[in-house]
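Let me begin by presenting the structure, written as structure tokens, before commenting on it.
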Amino acid sequence: MPQKIFAQKDKPYYSVEVALQNVNDATVLDLHGQDLLEIPKEIAQLPNLKILLLNNNEIKDVPAFLGNLKNLETLDLSSNLIKKIPSEIGNLQNLIRLEIANNELDQVPVAFENLKKLETLNLQSNKFTFLPQKILQLTNLKSLDISYNKLSDLGENIGNLKNLTYLNAKNNKLSLIPESLFTLTKLSYLNLGNNNISSIDYKWQELADLKNLSLDANQLNTIPASLGVLQGIDELDLSKNPIRKFPESLYNFFIKLNNARSDEIAILVDKIREEKEIAKQKAETAQKEAVLKTQIAETEKEKANAIAEKEQEARGKAEAQTKMANAEQLRQKANAEKADTEKKLAQQGQQAQEQANQRNILFFCVFALALFGIIFLIYRNAQQQRQKNKIILEQSKELKAEKEKADQLLLNILPQEVAQELKEKGITTVKHFQNASVLFADIKGFSSLAKKLSPEDLIKELDFCFSKFDEIVNKYNLERIKTIGDSYMCAGGVPVANVTNPFDITLAALQIQSWMEDERKKRGDDYWQIRLGIHSGELVAGVIGKTRFAYDIWGNTVNTASRMESGGEVGKVNITETTYCIIKDVFDCVPRGKIEAKNIGLIETYFVCKLKPQFAQNEIGNEPNQQYFLFLEEFKNKLGIRN
């Protein structure tokens with residue numbers, strides 16, 4: 001039978017000694033709670049060890065020799081003071097369970113992706129701000145505990161863990177649940193409690209195997225009806241949420257969970273019952289109101305009938321009054337004949353009055369005609385003035401458009417700050433920059449390709465390359481200075497000074513180099529290659545010319561950067577020792593030695609390989625991650641720079 005060996009408090013290394021005496025039988029070694037400051041190196045002599053328990057100690061460093069325990073299946077390093085896991089951990093390819101909770105980790109090594117058999121991983125109570133991509137490649141993982149960290153996002157790649165059945169992400173800073181989480185169809189336990197989640201309206205029907213769901217202490221104020229598809233769920237925790245709305249369709253769902261004796265669900269069911277009772281009362285009230293309205297309508301109908309009867313009586317009275325009116329008309333006719341005689345006498349006097357009125361009308365017509373003429377002249381002048389204003393407005397628009405074209409042309413020639421100074425003052429001043437960086441790039445193979453292409457195609461190809469260079473340069477706040485034939489020149493820290501330009505220009509050089517290599521792979525070995533050279537230091541910058549403006553830079557820094565390019569090697573980024581001393585903590589570089597620079601002398605140089613792994617987002621090391629930008633912020637803070 002294999003011998004299980006335990007440490008003893010008064011003999012800290014007793015169990016290791018016993019294990020060494022029984023090398024072939026020692027498969028379990030328990031050293032937890034021994035107040036160890038380091039892991040005994042004798043453990044490396046136990047090749048058959050399968051279970052190693054080192055939890056609840058004071059270990060700070062994990063030695064590389066643990067990677068030699070090829071048969072190890074369980075490793076517990078919980079509750080120590082560990083800040084970093086060595087890359088040799090990737091050699092434990094038989095590891096099934098790894099416990100590293102309650103430490104000070106914020107990242108895992110790249111070699112983590114080699115732990116293909118790992119089924120259980122516990123990262124609880126560490127300092128992770130994002131879920132490392134290498135963990136998301138452990139496709140055999142069944143249990144993952146990342147609770148009590150500082151995660152703000154689980155990331156869409158969480159969907160890679162197709163075999164995951166247990167996921168605990170409580171006590172983080174999550175505000176959203178990624179859509180890809182609902183592709184983990186084997187999940188039976190999901191804990192997202194004590195985060196900042198405000199909505200859970202997702203595709204819950206995909207998680208048919210879910211038995212236990214915890215969303216307590218979040219920001220939920222509504223429960224979506226889609227949650228009701230989880231018919232197999234036994235435990236649901238929605239406590240400590242500001243919930244105000246409960247869909248009626250979830251009533252039976254909550255009743256079932258209430259029978260499972262969940263106090264939180266019981267409260268929800270009571271609230272739903274209250275809402276149903278209120279709805280019932282409202283329906284009864286509405287029915288009573290409808291009956292009352294019917295009664296009122298019948299009363300109104302009876303009232304209308306009574307009014308109709310009164311109107312009939314009124315019509316009878318009106319007919320009697322009509323007969324009386326006819327008699328009155330006969331009397332009035334007689335009176336009218338008498339009045340007719342009197343009217344004829346009045347007409348004679350009226351004719352005389354009409355003649356006088358005609359004279360007055362003639363005078364009024366003459367006056368109106370004159371007034372109309374005056375109004376017509378005023379209207380015509382107004383029309384002419386509006387036409388003139390329209391012409392002036394169109395001319396103003398044309399002048400404005402021409403000015404905008406001129407301003408845009410100036411911005412295409414000069415940096416924005418310099419162009420603005422030229423427009424405001426009419427002149428620009430030459431400025432001295434204490435800390436700047438210059439990059440020269442020269443294309444190798446230009447002449448050979450020029451012989452095979454027409455001039456038009458050659459210029460088109462060169463424009464294609466330089467346009468891509470411009471895109472990369474603009475991304476890192478650099479300024480293209482000029483191109484001469486197949487040479488490209490840019491600078492950082494001008495025309496606006498900054499302290500991060502050595503990092504910016506080195507990263508841009510790596511991406512230009514990588515892009516050219518990709519194009520060469522696509523187009524064949526006879527395509528262009530590139531040499532790149534960088535130097536950092538002081539220089540002078542300004543505008544030359546009075547009729548044709550050009551922004552340029554001068555100084556020994558420019559000359560030295562040019563020598564780094566011409567003295568470099570194809571496909572490599574060649575930098576001076578000055579630049580190396582600034583960027584060495586971020587980029588992996590290899591010493592090249594001293595080279596002879598024309599008119600300058602011997603210069604110590606280095607080749608830049610890639611970003612250091614902790615600052616890189618990809619394997620080739622030319623894309624920065626969040627840690628890179630945090631480093632730049634710390635770098636500026638050390639220099640007293642505040643953006």
Side-chain angles (χ1 to χ4, degrees), residues 1-128 132 134-135 138 141 143-145 148-149 613-614:
M1 294 291 293
Q3 182 180 5
K4 183 176 180 180
I5 303 158
F6 293 91
Q8 297 181 4
K9 194 72 175 177
D10 57 338
K11 298 179 180 179
Y13 298 104
Y14 174 77
S15 62
V16 178
E17 294 170 359
V18 173
L20 292 173
Q21 295 172 12
N22 301 273
V23 171
N24 294 326
D25 292 329
T27 60
V28 179
L29 183 58
D30 187 345
L31 292 174
H32 84 281
Q34 298 297 305
D35 296 329
L36 297 178
L37 299 178
E38 60 182 9
I39 299 175
K41 61 184 178 180
E42 291 84 358
I43 292 177
Q45 301 177 34
L46 304 174
N48 295 321
L49 207 59
K50 291 187 176 181
I51 299 176
L52 177 57
L53 307 179
L54 293 164
N55 50 307
N56 292 93
N57 283 292
E58 297 181 8
I59 299 168
K60 293 183 178 180
D61 296 313
V62 179
F65 65 71
L66 285 186
N68 297 331
L69 304 175
K70 305 294 186 181
N71 293 313
L72 202 62
E73 296 177 355
T74 297
L75 176 59
D76 192 342
L77 295 168
S78 301
S79 300
N80 280 287
L81 303 172
I82 300 169
K83 295 183 177 180
K84 184 178 180 181
I85 298 294
S87 60
E88 286 79 5
I89 201 77
N91 297 335
L92 304 178
Q93 297 187 12
N94 287 312
L95 200 63
I96 296 175
R97 184 183 188 92
L98 178 57
E99 301 276 349
I100 43 180
N102 295 297
N103 279 288
E104 298 179 12
L105 297 170
D106 60 2
Q107 59 182 348
V108 297
V110 173
F112 235 63
E113 64 184 16
N114 296 330
L115 304 178
K116 300 299 183 183
K117 293 185 179 181
L118 196 64
E119 295 181 0
T120 299
L121 177 60
N122 189 347
L123 298 172
Q124 177 184 345
S125 299
N126 278 282
K127 296 182 177 181
F128 289 95
K134 299 305 175 185
I135 292 176
L138 303 177
L141 206 61
S143 174
L144 175 60
D145 191 338
Y148 294 92
N149 278 281
Q614 62 267 37

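- Counting heavy atoms from C-beta outward, Ile89 and Leu75 have side chains that approach closer than 4.5 Å.
- Between Leu37 atom CG and Asp35 atom CG the span is 8.0 Å, to the nearest 0.5 Å.
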Exercise for review: List the steps, then state whether side chain to side chain contact (heavy atoms under 4.5 Å, CB included) holds for Leu52 with Leu66.
Suggested key: CA-CA 10 Å; Leu52 177 57; Leu66 285 186; 3.9 Å; yes

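- Leu31 places a side-chain heavy atom less than 4.5 Å from the side chain of Ile43.
- The two residues Asn149 and Ser125 come nearest to each other via the heavy atoms ND2-N, 3.9 Å.
- Counting heavy-atom neighbours within 6.0 Å of Lys134 NZ, excluding the residue itself, gives a total above 12.
- The distance from the CG atom of Leu72 to the CG atom of Leu29 is 10.0 Å, given to the nearest 0.5 Å.
- The line from CG of Leu118 to CG of Leu98 is 6.0 Å long, rounded to the nearest 0.5 Å.
- Asn126 contributes a side-chain N or O that, together with a main-chain N or O of Gln124, makes up a donor-acceptor pair within less than 3.5 Å.
- Between Gly90 and Asn114, the shortest heavy-atom distance links the atoms O-CB, 3.4 Å.
- Counting heavy atoms from C-beta outward, Ile51 and Leu53 have side chains that approach closer than 4.5 Å.
- Note that the CG atom of Leu49 and the OG1 atom of Thr27 stand 7.0 Å from one another [nearest 0.5 Å].
- Rounded to the nearest 0.5 Å, atoms NZ (Lys127) and NZ (Lys83) are 6.5 Å apart.
- Considering all non-hydrogen atoms of both residues, Phe65 and Ala44 come closest at CD1-CB, 3.7 Å.
- Taking both residues in full, the closest heavy atoms of Ala111 and Ser87 are given as CB-O, 3.0 Å, listed atom of the first, atom of the second, then distance.
- Residue Pro86 comes nearest to Pro109 through the heavy atom pair O-CG, 3.7 Å, listed as atom of the first residue, atom of the second, then distance.
- Under the 4.5 Å side-chain criterion, counting only non-hydrogen atoms from C-beta, Lys50 is not in contact with Val28.
- Each side chain to side chain donor-acceptor pair (under 3.5 Å) pair with one or both residues in residues 54-76, not counting sequence neighbours, appears once here: Asp76-Ser78.
- Checked by atom type and distance alone, the side chain of Asp106 never pairs as donor or acceptor with a backbone atom of Phe128 at under 3.5 Å.
- Distance check, rounded to the nearest 0.5 Å: CD of Gln614 to NZ of Lys84 gives 7.0 Å.
- Qualifying side chain to side chain donor-acceptor pair (under 3.5 Å) partners for Asn94, counting only residues two or more places apart in sequence or in other chains: Lys117.
- Under the side chain to side chain donor-acceptor pair (under 3.5 Å) criterion, Asp145 pairs with Ser147, not counting sequence neighbours.
- Side chains of Ile82 and Ile85 form a contact here, defined as non-hydrogen atoms less than 4.5 Å apart.
- Side-chain contact check for Leu123 versus Ile135: some heavy-atom pair is nearer than 4.5 Å.
- By the 4.5 Å heavy-atom criterion applied to side chains, Leu115 and Leu121 are not counted as neighbours.
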